[in-house]
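Each remark here refers to the structure printed beneath this line.
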Amino acid sequence: MSQFRIPGKGRVDHAKTVRFAFDNREYTGLRGDTVASALLAHGVHLMGRSFKYHRPRGPVTADSAEPNALIGTSRGPGRFEPNTRATVQELREGLICESQNRLGALSFDFGAVNDALYPLFPAGFYYKTFMWPRSFWDKLYEPVIRRAAGLGRAPSEVDPDTYASRYLHADLLVVGAGPSGLMAALEAARAGVRVTLVDENAEMGGALLSDPGVEIDGRPAWDWLDATLAELASLGVRLMTRTTAIGYYHQNMIGLCQKLTDHLDEIADNAPRERMWRVRATRVVLAQGALEKPLVFHGNDRPGVMLAGAAQTYLHRYGVKVGTRAVIVTSHDSAYHAAFDLAAAGTRIVAIVETRAAPPETLRAEARVRGIELLAGHTVTGTRGRLRVASVTVNPVQGGRVGEPRMIHCDCLLMSGGWTPSLHLFSHTKGSLQWDAESNTFLPGRMTENCHIAGAGRGLWGFEAALTDGAKAGADAARALGNEAKAAPLSVAHDRPGTGESHRELPTDRRSSRVRAFIDFQNDVTAKDIRLAVREGMRSIEHVKRYTTNGMATDQGKMSNINGLMIAADAVGKAPPEVGLTTFRPPYTPTTFGAFAGYHRGATFEVTRRTPIDPWAEANGAVFEPVSLWRRAWYFPKGGEDMEAAVARECRATRASVGIFDASTLGKIEVAGPDAVEFMNRMYTNPWTKLAPGRCRYGVLLGEDGYIRDDGVIGRLSDELFHVTTTTGGAPRVLNMMEDYLQTEWPDLDVWLTSTTEQWATVALNGPNARKVLEGLVEGVDLSAEAMPHMSVAECRVAGFPARLFRLSFTGELGFEINVPARHGLALWEALMEAGRPHDITPYGTETMHVLRAEKGFIIVGQDTDGTVAPEDAGLGWAIGKKKPDFVGKRSLARPDLVAPGRKQLVGLLTEDGGVKLEEGAQIVLDPDQPLPMKMVGHVTSSYHSATLGRSIAMALIEGGHDMEGRDVYLPMPDGTHRARITSTAFYDPDGSRLKL
């Protein structure tokens, strides 16, 4: 047993040892230990190195706010994780740990040369150093920065763990199971409220676990805790340990990350490592407590320097003394209680260095009784020790003057600068913060959600105050939910409320240029870095943060934000609330990517949607491609064909006879209601009032900026019903846009919008024999050109199934699109294939569809447009209703930049050598001999080899392209520069006679 482990003390199981390794050395701990507590039990304080200076670092906290003790952990093959906080990682048998951010051994880090050269690396040095000479960036600066970036090494193997996710609804969610959280949950549950209580630790109890000396209602704290947890369980409260509330979102949505197996020696097959909970709570109580503030003085970052409250936690929860000779430096009463508890456990408290000249007499008296030297009105001006603190220098302070130094030998220095309410989750809601001048901290102000804050989280100190306030918050929440509730009074004996004073930096007798008083321990940000940032023009606290990196480490400034703010405010010469606080952002603590991804990995990383006809395509050898979230048949190779040969065959067959295509992925939206036509008039550029039922029209949808957002053929089925088609990837976006306008801009319109993409399976027949294939399967509609001309729609039956039959074409050939209920899609396809057998019907895929449409000059939104293309640019000016009073984007079409000459416009391109296929995205120049840098006037949007035309074709966006038809342009490509001539986009059947057959 180590001299630092106290037999029988703490909440660990002294009968069960756990073996683990740290930096290739084996250690043993106890069941219930964290890595930090187990190492401290062996006298190991050195656990890592700081980011910039590679200074030796040990744990400064005992919780998730830890900035120093970051380690790599391995739980087996593929289960390596960097930047694990040793203070919260529970021991498990065989856990392998390693220190990080070191060059060489942890005790002899070659990277520590940076510490000796620290004057060369002040705050913001990278903004100045890496600017010159410019040529150094690629060969020196960037490689060095990339090698230095990050703290731990990134995992190199595939993560074999699984991660789960669930949704939960609760009447009341209580975050934090300390004294106030327990009472809030208890009072609400007693009132009949459905309560969920979560805490990030392995045990519930919060400060009661670290300071068990109080009595609550006549019972020792731990006995009261056990009874309370038992009652909560009996009342049906969902108790969730190892569960961190990582984010608080709009309308009381809270994200929880629950660790499930990291602490287990044996893990069941497929058991998830973590589970992400998305909780929607009617009411929320935030009882997250407060964070102890470090003091800012020279050498405050050495291993062995830690928070007094952390030392108290290691003592009572884990039965570990953090040292044998301790010095306490404090400006707050709470550190005295830690000192007294440590003294009772056998640690010699050499001195209490008190920054206040007159601390409370009761504490002074208790120190005298224990024989502890109290140095009131003193400061700490430095520490010594290479890998662990060995001594501390203290000085008296009188009248603002720092007196003669005195060195005190010690093996740990425990500090307390008071406490800061944990307001991170509250801040996520954009709730306002109010500065409390008396305690020099921010407190919660205006609420934006249905939320209550209890206990130390709103600046109340002491167990009785926290318990009482928690009970009130729980009762208030219950009453807000319509339940009768009354907070029961509690009595607390031996309570430990505390007061104190706040400091920016402790007074020192050192020259300011030689003081290295750390604020952000992980990023090596010192107090003088903050002041330097202000001197160099950073006035906003957000600018100071980015210039110095204060608060940008993995602890997100939990230990550093308030101290940094106080120093910055002093440097600027303003009160802290005038300087403000940096923004707290989710997640509250670092969270694994796996927890966010949940089930979405491998085959389930992204949803793959398949059409009803997909099984036939797979059985018939289709090669597939992803389009939006859909899997679509790309082409159908035969006899060893490559894609080029297969596509050429499919194109020729469709042009010569008939091709069949699965178009089920097209977006489909029904617009219905008495005001449907008015709604369509306002949304689309085209006029719709005079479109008769049974007819179709090509529609163009713009954004407010006048640029094309989507397009598609729209059929009017009746006076009050439109069948709208959209691009495959645009359906959700278009529906969302329509709903947005309908609900916010035109709520007076009597219109209903329904997504029907999945309702209909769609099969396209194209080619001169399309009518012959279809006519024997259609009931109730005359398919002749006179009865059903191009751009018609009818409701009928096809192959015995109810259908919406469109006569339209995206290929330039005679074409039909048959929509049947999705469950009949495969049967329809098979019936059409059988009916088309005498005509050599040929299935074709998306690549052939692209070639056929490009031959006709039909655009694909998102490929031939890029978000900056207006209708006139795409040659679609004819689709704009000139007499329409208004539609989305109309006013923007008159903007000077949209009517200015020289805009990029869509044109056709024919290469001088018809065998050369241009690269999509290839840049276009007017003069290939111009000096560098060349002026690019456009780029290729679509490029294919056309089997029909026997040559390559392309479409491109070119500045002023519509006025340049017949002119040659040049395209530099890897194999040389190619000449092409600008043409019309209609390469095939420009008068459209074939689609009117």
Side-chain angles (χ1 to χ4, degrees), residues 167-176 178 180-181 184-185 187-188 193-200 243-257 276-291 420-437 439 441-460 466 469-470 472-483 485 540-542 545 551 556-558 561-562 565 576-589 591 740 743-744:
Y167 288 87
L168 175 67
H169 291 81
D171 293 338
L172 177 65
L173 174 68
V174 181
V175 179
S180 57
E187 290 298 340
V193 173
R194 184 179 53 168
V195 180
T196 297
L197 175 62
V198 303
D199 193 276
E200 66 180 348
T243 304
T244 303
I246 61 172
Y248 194 161
Y249 305 94
H250 188 47
Q251 295 181 339
N252 269 15
M253 173 70 81
I254 295 90
L256 308 177
C257 184
M276 181 71 75
W277 294 82
R278 295 166 177 83
V279 182
R280 185 76 73 180
T282 308
R283 311 290 297 188
V284 173
V285 171
L286 296 179
Q288 295 178 274
L291 301 171
T420 301
S422 182
L423 297 173
H424 296 69
L425 288 183
F426 174 75
S427 296
H428 292 175
T429 69
K430 294 298 182 182
S432 64
L433 300 177
Q434 296 178 347
W435 178 255
D436 183 73
S439 58
T441 193
F442 283 101
L443 298 178
R446 178 182 57 85
M447 309 279 185
T448 60
E449 300 287 340
N450 293 327
C451 171
H452 311 262
I453 300 181
R458 68 185 196 92
L460 300 178
D469 198 51
K472 179 180 181 302
D476 288 346
R479 285 191 291 270
L481 292 165
N483 298 57
S540 163
I541 194 65
E542 293 286 357
K545 171 182 176 178
Q556 291 213 0
K558 293 181 179 67
N561 274 347
I562 284 294
L565 167 65
E578 296 180 59
V579 176
L581 197 61
T582 55
T583 303
F584 296 119
R585 295 183 177 89
Y588 174 71
T589 54
T591 306
D740 187 38
Q743 295 182 31
T744 63

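All figures in this text were calculated on a predicted structure; none of them were measured in a lab. Side chains are part of it too, since the values below use all heavy atoms of this structure and drop only hydrogens, waters and symmetry mates.
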Between [X] and [Y], is any pair of side-chain heavy atoms under 4.5 Å apart?
X: Thr196; Y: Leu168; answer: yes
X: Lys472; Y: His452; answer: no
X: Phe426; Y: Met447; answer: yes
X: Glu449; Y: Tyr249; answer: no

Stepwise ring-ring contact (aromatic ring centres under 6.0 Å, His included) test for His424 and Phe584: CA-CA 6 Å; His424 296 69; Phe584 296 119; 4.1 Å; yes
Please name the pair of heavy atoms, one in [X] and one in [Y], separated by the smallest distance, quoted to 0.1 Å.
X: Pro421; Y: Gly457; answer: CB-O, 3.3 Å
X: Cys257; Y: Thr591; answer: SG-CG2, 3.9 Å
X: His250; Y: Arg280; answer: O-NH1, 3.2 Å

Atom pair CG/OH of Leu173 and Tyr248 - distance to nearest 0.5 Å: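 Result: 8.5 Å between the selected atoms.
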Interatomic distance, Leu423 atom CG to Asn561 atom CG [nearest 0.5 angstrom]: 11.0 Å
[Y] backbone acceptor or donor facing [X] side chain under 3.5 Å:
X: Arg283; Y: Gly474; result: no
X: Arg458; Y: Pro444; result: no
X: Ser432; Y: Arg446; result: yes
X: Gln288; Y: Gly176; result: no
X: Thr429; Y: Gly431; result: yes
X: Asn450; Y: Asn252; result: no

Partners passing ring-ring contact (aromatic ring centres under 6.0 Å, His included) against Trp277 (at least two apart in sequence or in another chain):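 None.
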